[in-house]
Protein chains: 2
Amino acid sequence: MAMESNAATRAERTPRNRDDTIHRALSEAIVDHRLAPGARLPEDALAEAFEVSRTSIRKALQRLALEHLVTLRTNRGAQVAKPSPDEAREVFAARRLAECALVDWVVDALGDDDLTALHELVDRERRAQADGAQHEAIQLSAAFHIRLARVAHNAPFATFIEQLARRSSLVIAVYGSASSVGCECGDHGEILALLAGGERERARQWMTRHLEGIERSLNFDGERRETPDFNALFGRHGPTQTASEE
Amino acid sequence: MAMESNAATRAERTPRNRDDTIHRALSEAIVDHRLAPGARLPEDALAEAFEVSRTSIRKALQRLALEHLVTLRTNRGAQVAKPSPDEAREVFAARRLAECALVDWVVDALGDDDLTALHELVDRERRAQADGAQHEAIQLSAAFHIRLARVAHNAPFATFIEQLARRSSLVIAVYGSASSVGCECGDHGEILALLAGGERERARQWMTRHLEGIERSLNFDGERRETPDFNALFGRHGPTQTASEE
DNA sequence: CTGTTCCATATTGTATACAGTCCCTATATC
DNA sequence: GATATAGGGACTGTATACAATATGGAACAG
């Protein structure tokens with residue numbers, strides 16, 4: 001891990017910046033799949049890597065837990081979150097609703113500086129994709145949605161979408177196939193063009209299809225061993241199909 | 001402050017519950033205006049009140065800061081947040097968008113248990129209002145929107161609206177007049193009736209008008225002394241009216 | 001050979017100590 | 001009398017110590 005060099009390099013003076021640096025480093029590592037879902041995050045090891053005490057690490061982990069990027073179990077420490085299929089569906093449903101709802105405000109507020117910044121993100125993502133820079137491409141894909149949400153100049157909504165975008169990357173890390181990451185690329189450019197052209201309804205359609213496309217590419221049947229489905233395994237009707245209660 | 005008795009009474013064993021208790025106690029006190037915006041929150045005093053060490057208090061304050069209910073300034077401690085007018089407008093704008101966007105899902109998922117729970121909240125709010133139980137009424141007003149958001153069974157969206165509702169209470173504490181709290185009462189019952197009747201479009205209209213009504217009742221010109229208006233004080237047109245700070 | 005119990009180890013939860021920063025006030029100087 | 005400066009007090013930021021808890025393995029009984 002090239003983490004400790006990063007942390008040591010940009011050791012900002014003021015305390016708040018330092019905390020943010022730790023939080024951001026962990027967040028980015030989780031979002032771009034350098035830290036796998038389920039990976040344990042022992043406080044001691046992280047404290048050594050970042051050259052701080054456990055106190056600062058705990059602060060970062062607490063925050064990441066509120067953002068649903070790590071799970072915190074009492075006396076058992078922190079680990080990178082492994083969203084359940086239900087959680088994954090809720091995240092994508094929320095994104096479809098939120099990002100489409102924001103289209104009107106985005107179109108109204110879209111300025112030249114926004115456009116150039118967004119175009120640059122699309123380009124960089126495309127290049128990273130072509131170069132096989134997987135981690136960077138994932139990061140840039142989330143960054144596009146995050147930057148887009150900021151156009152509307154509504155901080156609460158922007159941070160909401162920001163959190164959802166990061167959680168989506170985590171969902172893809174758990175359930176995504178190779179195509180999950182790859183197929184997004186063209187969509188972002190298209191959505192941007194529609195927004196710039198003021199075609200609100202078509203922009204909403206593309207956004208919806210874009211997010212649905214990612215969700216469809218997920219595979220929830222995989223070797224997910226979190227809580228085995230005992231009904232399907234041992235139910236009285238065999239493994240044909242059993243309706244799970246709850 | 002009747003806080004320490006509360007905290008001591010429900011001293012739950014497990015550590016997570018304890019933290020939640022502290023967080024909830026502070027959050028509720030801020031939301032229902034028992035703690036005024038701008039009030040300082042020294043860690044020592046809170047630690048003594050809750051009979052824990054500063055460590056646990058810091059954890060709660062960190063979280064409340066992320067929820068924008070308190071502000072945390074380096075080396076200067078925590079205080080109850082005082083949202084700026086811009087922030088206030090953004091919060092209400094976000095609520096209008098989010099809560100209206102959720103109407104379709106709410107109508108589709110609205111069950112009998114939801115209806116009874118929501119009706120009870122409306123009734124209790126009305127009673128509290130009539131009895132002059134201001135704090136309780138405010139709490140119940142937020143609780144209505146929070147419970148309503150949960151109907152849609154989308155956790156991310158529900159917690160988003162939950163945070164916005166609590167921040168709104170804080171905004172009202174800063175800029176609200178007497179009518180800000182009072183006039184909400186009837187609206188909730190009306191909105192609930194429209195949702196139960198499946199009248200989506202009218203429900204959205206009422207929700208919008210409801211939130212706009214609250215926003216309009218706010219007074220942003222008041223004695224806002226955060227950064228004194230030196231132009232008004234020393235400007236070439238003299239002091240039309242001066243208010244004493246703190 | 002299987003299953004259970006107990007202990008050692010590792011890791012987290014909490015409190016506390018110490019250092020650093022800010023603010024306010026008192027004092028001295030102009 | 002007004003302003004600048006130095007000192008004291010109060011509070012936060014961080015690290016560390018200690019206690020509590022879970023985990024994994026070893027020893028032992030069946």
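Just so we're on the same page: letters track the sequence lines, and every chain starts at 1. Side-chain atoms are counted along with the backbone in the values below, which use heavy atoms only and exclude waters and symmetry mates.
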Report all side-chain donor-acceptor pairs from residues 148-155 of chain A shorter than 3.5 Å, counting only partners two or more places apart or in another chain.
{"unit_1": "A:Arg150", "atom_1": "NH2", "unit_2": "A:Glu162", "atom_2": "OE1", "d": "3.0"}
{"unit_1": "A:Asn154", "atom_1": "OD1", "unit_2": "A:Phe157", "atom_2": "N", "d": "3.1"}
{"unit_1": "A:Asn154", "atom_1": "ND2", "unit_2": "B:Glu90", "atom_2": "O", "d": "3.0"}

**Complete:** Atom CD1 of A:Ile57 and atom P of D:dT16 are separated, to the nearest Å, by 13 Å

**Prompt:** Quick one: is B:Arg58 getting a side-chain N or O under 4.0 Å of the D:dG13 phosphate, OP1 or OP2?
**Reply:** yes

**Request:** Give a yes or no on whether the backbone of B:Ala165 and the side-chain of B:His145 come within a donor-acceptor separation of less than 3.5 Å.
**Result:** no

**Message:** I want to check one thing: is the phosphate of D:dA15, taken as OP1 and OP2, less than 4.0 Å away from some side-chain N or O of A:Ser53?
**Reply:** yes

**Message:** How many whole angstroms separate atom CG of A:Leu61 from atom P of C:dT11?
**Reply:** 14 Å

**Prompt:** Side-chain N or O of A:Arg76 less than 4.0 angstrom from OP1 or OP2 on D:dT21?
**Reply:** no

**Presence of salt bridge, A:Asp114 and A:Arg147, under 4.0 angstrom** = yes

**Message:** In whole Å, I'd like the distance from the CD atom of A:Glu48 to the C1' atom of D:dA15.
**Reply:** 15 Å

**Asked** At how many degrees, to 10°, do the end axes of the helix from C:dC1-D:dG30 to C:dC30-D:dG1 meet when each uses five pairs?
**Response** 0°

**Request:** Would you indicate, yes or no, if C:dG13 has its OP1 or OP2 atom less than 4.0 angstrom from a side-chain nitrogen or oxygen of A:Thr74?
**Result:** no

**Complete:** Residues passing the ring-ring contact (aromatic ring centres under 6.0 Å, His included) test with A:Phe144, sequence neighbours excluded, are A:His188

**Asked** Taking NZ, NE, NH1 and NH2 as the nitrogens, is one of them in B:Glu43 or B:Arg58 under 4.0 Å from a carboxylate oxygen of the other?
**Response** yes

**Asked** Is the side chain of B:Tyr175 donor-acceptor paired with the backbone N or O of B:Asp221 at a distance under 3.5 Å, no angle test?
**Response** no

